[in-house]
Number of protein chains: 2
Amino acid sequence: MDGEAIKRSLEERGLRCTPQRYAVMAFLMEQNSHPTAAETFEAVNRVDPRSSRATTYNNLRDLVKAGLVREVAVEGRAARYDAQGVRHHHFICDRCGEVEDVDWYEVRKPASRALGKRYVRECEVIFRGLCARCARRRSSR
Amino acid sequence: MDGEAIKRSLEERGLRCTPQRYAVMAFLMEQNSHPTAAETFEAVNRVDPRSSRATTYNNLRDLVKAGLVREVAVEGRAARYDAQGVRHHHFICDRCGEVEDVDWYEVRKPASRALGKRYVRECEVIFRGLCARCARRRSSR
DNA sequence: TCTCAGATTAGATATATTCCAAATAGTTCA
DNA sequence: TGAACTATTTGGAATATATCTAATCTGAGA
Ligand SMILES: [Mn+2]
Ligand SMILES: [Mn+2]
Ligand SMILES: [Zn+2]
Ligand SMILES: [Zn+2]
């Protein structure tokens with residue numbers, strides 16, 4: 001996605017394409033990792049235009065609401081963000097909290113009777129265990 | 001599970017059965033909701049023995065490590081805890097953050113090639129959307 | 001060019017969680 | 001039993017994370 005495409009995707013969702021908001025979106029898109037808000041804030045401020053902490057948080061919130069960015073909560077750690085590219089699942093490391101992508105595959109939905117009056121928007125799978133690095137570290141002791 | 005059973009399950013995992021730790025475990029087991037650490041702290045302190053905030057957090061951490069309690073991270077909100085009864089999945093409300101149980105069903109694991117050198121301990125499904133209450137509230141406007 | 005809702009800002013504030021060092025309470029074993 | 005050892009508890013301080021506030025700025029459309 002190039003600059004124009006980012007601009008368009010923001011405006012389609014009623015968000016102005018401000019330099020700060022653009023910078024957050026562009027940064028997240030070029031990462032394959034899952035940056036925290038603090039990392040995003042720092043990265044955006046290494047280049048112009050600068051952005052305040054509040055604006056970084058505001059923009060992350062707005063982008064999540066608009067469906068352009070996914071937020072991943074990790075127990076005991078800061079939330080991580082992910083510019084929705086192709087659909088995928090996540091692996092979260094029990095030891096270091098690292099979030100990694102796992103190729104998408106269709107998951108069987110539960111019986112609708114089990115969902116009652118709830119409205120289900122999505123259905124994600126989270127794999128847990130040890131990332132490659134932590135698994136290695138663990139076995140070599 | 002009665003008192004003796006709780007005591008045994010703690011000791012099997014090398015944890016002393018202290019009054020504070022027991023109280024946390026017993027409280028979580030009698031809830032069908034998913035209390036936060038703050039709610040647990042408050043509940044435990046409505047009855048004897050009392051427990052400090054640090055001890056409540058310590059015990060929740062120890063119980064999670066021991067595999068007796070599950071921690072559920074919710075974006076932008078305090079973590080929630082769940083005394084592992086029967087295996088189940090979770091539904092998390094986009095609006096109010098409520099965590100609800102969904103009957104367990106087996107999920108297909110991804111191709112092992114997609115997991116590389118990771119060690120996968122578990123594979124959970126999280127449903128997202130609006131809980132019954134928020135769905136009602138939403139449609140009646 | 002004017003207007004104004006949307007956006008940004010620095011700093012204060014709120015919330016959630018962990019750390020710390022001293023005191024206490026179980027457990028083991030002489 | 002009771003000394004010795006260790007796990008646990010404690011209150012308060014400290015840290016981490018996230019949101020709020022009120023003043024100011026910006027840019028898209030009229
Ligand atoms: Mn991802
Ligand atoms: Mn549950
Ligand atoms: Zn790891
Ligand atoms: Zn709800």
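Just so it is clear: chains get the letters A, B, ... in the order the sequence lines come, proteins before strands, and each one is counted from 1. Just so you know, these numbers come straight off a predicted model, no measurement behind them.
Spacing between atom CG of B:Asn45 and atom P of D:dG11 amounts to 9 Å, rounded to whole angstrom units. A:Arg80 has its CZ atom 13 Å from the C1' atom of D:dT17, to the nearest Å. Whole-Å rounding puts the A:Asp62 CG to D:dT19 P distance at 11 Å. A straight line from CG of A:Leu10 to C1' of D:dG27 spans 15 Å, rounded to a whole angstrom. Regarding A:Asn58, its CG atom lies at a distance of 14 Å from the C1' atom of D:dA22, rounded to whole Å. One interatomic measurement links the two molecules: CG of B:Leu15 to P of D:dT9, which rounds to 10 Å at whole-angstrom precision. Between B:Leu60 atom CG and D:dT8 atom P there is a gap of 14 Å when expressed in whole angstrom units. Distance B:Arg77 CZ to C:dT15 C1': 13 Å, rounded to the nearest Å.
A donor-acceptor pair shorter than 3.5 Å cannot be found between the side chains of B:Asp103 and B:His89.
With contacts defined as side-chain heavy-atom distances shorter than 4.5 Å, the pair B:Ser51/B:Phe41 does not qualify. Side-chain contact between B:Leu10 and B:Lys7: absent, with no pair of heavy atoms (C-beta onward) separated by less than 4.5 Å. Within the 4.5 Å cutoff, the side chain of B:His90 has heavy atoms near those of the B:Arg70 side chain.
A cation-pi contact, defined as under 6.0 Å to the ring centre and within 45° of the axis, is absent between A:Arg118 and B:Phe127.
Base contact: A:Ala54 has a heavy atom under 4.0 Å from a base atom. Nucleic acid contact class of A:Thr18 (heavy atoms, under 4.0 Å, all strands): sugar-phosphate only. Residue contacts for B:Thr36: at a heavy-atom cut-off of 4.0 Å it reaches no nucleic acid atom on any strand shown.
Of the two residues contacting DNA chain C, namely A:Cys17 and B:Ala38, the nearest-nucleotide position lying further toward the 5' end is that of A:Cys17. Of the residues near DNA chain D, B:Asn59 and B:Gly76, the one whose nearest nucleotide (by heavy atom distance) lies more toward the 5' end is B:Asn59.
Contact annotation: B:Arg21 reaches the phosphate of D:dT8 (side-chain N/O to OP1 or OP2, under 4.0 Å). In terms of phosphate contacts, A:Gln20 brings a side-chain nitrogen or oxygen within less than 4.0 Å of OP1 or OP2 of C:dT9. Within the structure, every side-chain polar atom (N or O) of B:Ser51 is placed at least 4.0 Å from both OP1 and OP2 of D:dT9. Between A:Thr55 and the phosphate of C:dA7, there is no side-chain N or O to OP1/OP2 separation shorter than 4.0 Å. Side-chain N/O atoms of B:Tyr57 include one lying less than 4.0 angstrom from OP1 or OP2 on C:dT17.
Taking only side-chain atoms of B:Arg16, from C-beta outward, the nucleotide of C:dG11, C:dT8, D:dA7 with the closest atom is D:dA7. The side chain of B:Ser52 lies closest to D:dT10, out of D:dA18, C:dT9, D:dT10.
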